[in-house]
Each structure stands twice: as C-alpha cells, then as structure tokens.
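Reviewing the structure listed below.
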Amino acid sequence: MVSGERLANTGPLSFGAFATTLMTISLSMMGFRAVSNQTIFIANLCFLAGLGLLMSAQWEMIKGNTFNYTVLAAFGFYYGDYGVLLLPPLGIVDSYGGKTTEYYNAFGFYLLVWSILNFFFFLASLPTNVINITIYGALELSYIFNSGAFGFTSSVAGFYMLCHELCQHALPFKMPLFETGRFFSGPRYGVKSS
C-alpha cells in the first residue's frame, strides 16, 4: 500500500449485507406473511452477504484488523454455505428423505458448531461497544434456539451500525455506540493494566 493512501471503510457494506440478509431469514423463521420457503433468499445469501462479506474481509486483512477480518470472512462463508444448502437442485433436504428427524439433527449440529464459533466472536466483541455485543449476543441466542426473533434483534443492531458507519455525518445528531473498552484492561482498549 502506498504511504498515506487511505482505504475505504468496509463497515457499511459489511453491516448492510449482514443485517439485510439476516433480517429476511429471521422474518421467514418467525412466519411473517406466512413465508416459510427461504429459497428466494439464496441470492442475498450467496451474493450480497456471501461475496460482500468476503470482499470486505480482504480489505480488513489489508488494514490489519484481525477481528473484523475473521468475523467477515467466517460470516461470508456461512451465508454462502446457507444459500447452497437451500439450492433445490442439490437435493440436500431430499437426501434425508425430506425434513426428517435426521435432517433436523444434522441441521442442529450445523447450528451448534456455528454457535461455538460465534461465542468466540461474542467474547471478542465485549471490549468494543454495546451495539456489537448485541449483534453477537443475539446471534448466539439465535443459533442456540434456532430463533428468528433473536436473529431479528441482531439484524436491527446491524442496521444501527450501518447507519452509524454510513450516515453519522449526514445526521443532525450523534448515534452513540456506547463504548465498552474502558471496562477492559490493556493498551489495545485504552485502559492501562495494573
């Protein structure tokens, strides 16, 4: 990178892709407007969230932001994976003989392992701000309980972050993030360890 060159903020695309995709899935999971078939969301899952988050992750890697890189890359692959699971031609549900007990157990394993990975993201978010903590905390509960309501909560927090990252200078008021770094020791978080 050329000295003095400045990279764009990947936050707006990241939070927008994450929140948009998660909200549509969550609304479906909660049964809004009687939509239970999620096949129409494959485009968002694979492209907006899948590719969008993966591209954003690469720029975060260049900036040296390990947390952002790891989270964005992981969720980019997660959303892409989820989209692939929904592709009818692959016949994944059919390979289980439909939505059988085995299918639900396998999907439960899938969510369980993602809840473990997301738990580390949640822990790493604690010294950042309340909005990030809400995103990962609600997402953790969404994985554990396979609950659209918690996913919806996480997506609303994601949209809040999108607005903060993209619109902060256009708004006549501040959108606080409620920083939590002061509660953690260490030079990274602005508090000296004793």
Side-chain angles (χ1 to χ4, degrees), residues 9-60 68 70-94 96 98-99 103-104 106-119 121-122 125 130-167 175 177:
N9 180 5
T10 62
L13 173 60
S14 305
F15 287 113
F18 168 82
T20 300
T21 305
L22 182 58
M23 184 171 279
T24 56
I25 295 293
S26 298
L27 288 170
S28 173
M29 289 174 69
M30 292 187 294
F32 275 84
R33 304 293 293 175
V35 173
S36 61
N37 185 336
Q38 297 179 356
T39 308
I40 195 147
F41 307 133
I42 292 172
N44 266 3
L45 287 162
C46 292
F47 295 101
L48 176 63
L51 289 177
L53 292 173
L54 285 174
M55 289 187 310
S56 296
Q58 303 318 301
W59 293 111
E60 291 296 337
N68 291 351
T70 305
V71 168
L72 295 177
F75 281 115
F77 283 118
Y78 169 78
Y79 277 130
D81 294 351
Y82 193 88
V84 167
L85 290 176
L86 296 176
L87 284 170
L90 294 182
I92 292 171
V93 175
D94 295 337
Y96 287 93
K99 292 190 175 180
Y103 167 80
Y104 285 114
F107 193 69
F109 290 153
Y110 178 76
L111 293 178
L112 172 66
V113 173
W114 269 97
S115 75
I116 294 168
L117 179 60
N118 185 72
F119 180 72
F121 297 159
F122 171 73
S125 75
V130 170
I131 309 303
N132 257 341
I133 294 168
T134 301
I135 289 171
Y136 299 108
L139 197 57
E140 184 67 11
L141 295 172
S142 178
Y143 283 134
I144 291 170
F145 298 112
N146 193 23
S147 167
F150 289 117
F152 184 82
T153 301
S154 182
S155 68
V156 169
F159 277 122
Y160 184 96
M161 286 295 285
L162 168 64
C163 189
H164 173 82
E165 295 278 328
L166 190 62
C167 305
M175 293 192 65
L177 297 179

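Here the structure is a predicted model, which means the values were calculated and not measured.
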Distance, nearest 0.5 Å, that separates [atom1] of [X] from [atom2] of [Y]:
X	Y	atom1	atom2	value
L139	S125	CG	OG	10.5 Å
I133	F122	CD1	CZ	6.5 Å
D94	Y103	CG	OH	10.5 Å
L85	I42	CG	CD1	9.5 Å
F32	M23	CZ	CE	10.0 Å

* Please step through ring pair (Phe, Tyr, Trp, His ring centres under 6.0 Å) for the pair F121 and F75, ending with a clear verdict. => CA-CA 11 Å; F121 297 159; F75 281 115; 5.7 Å; yes
* Compute the ring centroids of Y143 and Y136, then answer whether they are less than 6.0 Å apart. =>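 Not under 6.0 Å, so no.
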* **Student check: side-chain heavy atoms of L117 and W114 closer than 4.5 Å** =>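 Contact flag for L117/W114 side chains = yes.
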* Asked: How about T10 and N68: do any of their side-chain heavy atoms sit closer than 4.5 Å?
  ->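 No, side chains not in contact.
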* Do any N or O atoms from the side chain of E165 and from the backbone of G11 form a donor-acceptor pair under 3.5 angstrom? ->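 Not a single qualifying donor-acceptor pair exists.
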* To do: Using atom types as modelled and distance alone, determine if a side-chain donor or acceptor of S154 lies under 3.5 Å from a backbone N or O of F150.
  =>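 Pair absent, no side-chain N/O of S154 close to backbone of F150.
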* Report the C-alpha separation of Y110 and F107 in whole Å, then their side-chain angles, then the decisive distance to 0.1 Å, and conclude whether the ring pair (Phe, Tyr, Trp, His ring centres under 6.0 Å) test is met. => CA-CA 5 Å; Y110 178 76; F107 193 69; 5.8 Å; yes
